[in-house]
Amino acid sequence: MPESTIRRVAVIGGGANDEHDVSLASAAAVVRAVRALGLTAVPLTIDRRGGWQLADGPVAAAHAITVLSSCDVAFPVLHGVDGEDGAIAGLLRLTGVPFVGSPVRAGALGMDKWLTKLVAEELGIPTAPGVLVDDRFDSAHLRLEPPFVVKPTPGGSSNGVSVVREAGQLSAAVATARAAGGTALIEAFVSGREVDIALFRDRDGALRAGSTLEIGVADGAVFDREQKYDGSASFTLPARVTAAEHAAIEGAARALYDTLGCAGVARFDFFVTAEGVVLNEVNTTPGFTEQSQVPRMFAAKGLDYPGLVAALLAAALPTAVLSAGAARHS
């Protein structure tokens, strides 16, 4: 296949969900990086109602598709439902626009925390004991003892997540989680340090890992939405783990990346406990500002933010070449 040149990059942000603002921040950062690479960024936004917008205002969906089709590659950073769950990947696949990130299957499986648990357990990766809560759920048959973590099965940014320390708090926590996501997951509270790792497959097919990152969370607490976005979170890179713990974390992440069928960058969140490493969740479209966890992980390995964006673009369209400026960063 003859080489082409990547010149125009569609950057898609926003989304009709409760992670809209977070996605806008990620998209703005990608736009800055694309321009720093000497490429043309074409920002497209999905508004809170699901409509499309360009820089000069709302447009019909058909026009948005025309704009997308005029670009060499798309870089979607839609977090949450109707984006990260494979929806945008499906649209881009059908329009024939190469894109950064995971395909439909990986996005759908990674978004559903219950299905992620089932996949992980089949791979022999420990997860917290948990129960799926849907319309058939009867709390009288719950075989777990508090404390629990109750969370929506879809979504992210810790929306709708509660820690339940007494059984009497469970109903309200389940209602909160289901209001945020339809179905919910009750998991035993895991006491351990949260350690994350990110991976992406580069244009040569190598699966590259960033540094491990440890999140400073008070004992008995969870890494909640406020800590994620108010700048108060404490990160340690690399995480304070043993060689054996690091091997378990990276090995589990690599197995999940391949089994789920991920592409682009994905983040894998674990708890390191006295009994071993336990999977928390998978993010196939993780937060992506310059100060987000994933760029920090790769910066710690010597790959700066524009360089990471360049590498992801190159992997999305491996037969193409980037501009000379972009090549210097990859």
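From a predicted model like this one, the values you see are computed outputs, not experimental measurements.
Of all non-hydrogen atoms in V31 and P43, the two that sit nearest each other are CG2-CG, 4.1 Å. Annotation for S102 and C262: closest pair OG-CA, 3.3 Å, computed over non-hydrogen atoms. Taking all atoms of both residues into account, the shortest heavy-atom contact from A128 to V190 is CB-CG2, 3.5 Å. Heavy atoms only, all atoms of each residue included: P295 and G287 are closest at CD-O, 4.2 Å. Considering all non-hydrogen atoms of both residues, S162 and A173 come closest at CB-CB, 3.8 Å. Taking each heavy atom of L144 and I186 in turn, the nearest pair found is CD1-O, 3.9 Å.
Remark: E214 CD to R193 CZ distance equals 4.5 Å, nearest 0.5 Å. Of the inter-residue distances, the one linking W52 atom CH2 with H63 atom NE2 reads 12.0 Å to the nearest 0.5 angstrom. Between atom OG1 of residue T259 and atom CG of residue L123 there is a gap of 4.0 Å, rounded to the nearest 0.5 Å. In this structure, OG1 on T176 lies 12.0 Å from CG on N159, to the nearest 0.5 angstrom. Within the model, atoms CZ of R32 and OG1 of T289 stand 8.0 Å from one another, a figure rounded to the nearest 0.5 Å. Separating the NE2 atom in H20 from the CG atom in L24 is a distance of 4.0 Å, to the nearest 0.5 Å.
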side-chain contact (heavy atoms from CB on, under 4.5 Å) assessment of T40 paired with R7
CA-CA 6 Å; T40 299; R7 297 184 179 88; 5.7 Å; no
Which is it for S26 and S23 under the side-chain hydrogen bond (donor to acceptor under 3.5 Å, both in side chains) test, yes or no, and what are the steps along the way?
CA-CA 5 Å; S26 292; S23 176; over 6 Å; no
Go through it in stages, so that I can follow the logic: the residues are W114 and T183, the test is side-chain contact (heavy atoms from CB on, under 4.5 Å), and I'd like the CA-CA distance, side-chain angles, deciding distance and then a yes or no.
CA-CA 10 Å; W114 176 250; T183 57; over 6 Å; no
side-chain contact (heavy atoms from CB on, under 4.5 Å) evaluation trace for N280 with F270:
CA-CA 5 Å; N280 181 17; F270 296 89; 6.0 Å; no
side-chain contact (heavy atoms from CB on, under 4.5 Å) between L279 and T116, intermediate numbers included:
CA-CA 9 Å; L279 177 70; T116 299; 4.0 Å; yes
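Transitive grouping of hydrophobic side chains (ILVMFWY, heavy atoms separated by less than 4.5 Å) brings L68 and F99 into a common cluster. F271 and V149 are not part of a single hydrophobic cluster, where members link through side-chain heavy atoms under 4.5 Å apart. In this structure, V174 is a member of the same hydrophobic cluster as V164, with clusters built from ILVMFWY side-chain heavy atoms closer than 4.5 Å. Linking Ile, Leu, Val, Met, Phe, Trp and Tyr whenever their side-chain heavy atoms come within less than 4.5 Å puts F268 and V241 in one cluster. Under a hydrophobic-cluster definition in which Ile, Leu, Val, Met, Phe, Trp and Tyr are linked whenever side-chain heavy atoms come within less than 4.5 Å, directly or via other members, V150 and F137 are assigned to the same cluster.
Evaluation of the ring-ring contact (aromatic ring centres under 6.0 Å, His included) rule for Y305 yields F288 as partners, not counting sequence neighbours. Here R105 pairs with nothing under the side chain to side chain donor-acceptor pair (under 3.5 Å) rule; sequence neighbours left out. The side-chain contact (heavy atoms from CB on, under 4.5 Å) check on L115 picks up L109, D112, L118, with sequence neighbours excluded. Applying the ring-ring contact (aromatic ring centres under 6.0 Å, His included) criterion to Y257, with sequence neighbours excluded, gives no partner residue.
Between M297 and D196 the shortest side-chain heavy-atom distance falls below 4.5 Å. Side-chain contact between P152 and V161 is present, with heavy atoms from C-beta onward closer than 4.5 Å. Residues T212 and E245 fail the side-chain proximity criterion, which asks for heavy atoms closer than 4.5 Å. The closest side-chain heavy-atom distance from L170 to L142 is below 4.5 Å. Side-chain contact between R254 and I197: absent, with no pair of heavy atoms (C-beta onward) separated by less than 4.5 Å. Put simply, the side chain of R201 reaches to within 4.5 Å of the side chain of D258, judged on heavy atoms. Residues P154 and M111 are in side-chain contact: their nearest non-hydrogen atoms beyond the backbone lie under 4.5 Å apart. Between R208 and K301 the shortest side-chain heavy-atom distance does not fall below 4.5 Å.
Put simply, the residue from T5, I6, V73, V309 that forms a side-chain contact (heavy atoms from CB on, under 4.5 Å) with L39 is I6. A side-chain contact (heavy atoms from CB on, under 4.5 Å) with F200 is found for exactly one of V265, L207, V100, V294, namely V265.
Residues T127 and E121 have side chains that bring a donor and an acceptor to within less than 3.5 angstrom of each other. With no hydrogens or angles considered, no side-chain donor-acceptor pair links S69 and T95 at under 3.5 Å.
Listed by first and then second residue, the salt bridge (charged side-chain N to carboxylate O under 4.0 Å, His left out) pairs involving residues 178-187 are K117-E187, D135-R178, K151-E187 (not counting sequence neighbours).
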Please report, to 0.1 Å, the donor-acceptor pairs under 3.5 Å made by any side chain of residues 84-92, with sequence neighbours excluded.
from: E84; atom 1: OE1; to: G80; atom 2: N; distance (Å): 3.0
from: E84; atom 1: OE2; to: T284; atom 2: N; distance (Å): 3.4
from: E84; atom 1: OE2; to: T285; atom 2: N; distance (Å): 3.2
from: D85; atom 1: OD1; to: D82; atom 2: N; distance (Å): 3.2
from: D85; atom 1: OD1; to: G83; atom 2: N; distance (Å): 3.1
from: D85; atom 1: OD1; to: A87; atom 2: N; distance (Å): 3.2
from: D85; atom 1: OD2; to: D82; atom 2: N; distance (Å): 2.8

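Atom CZ of R93 sits in a sparse spot, with 12 or fewer heavy atoms from other residues, nucleotides or ligands closer than 6.0 Å.
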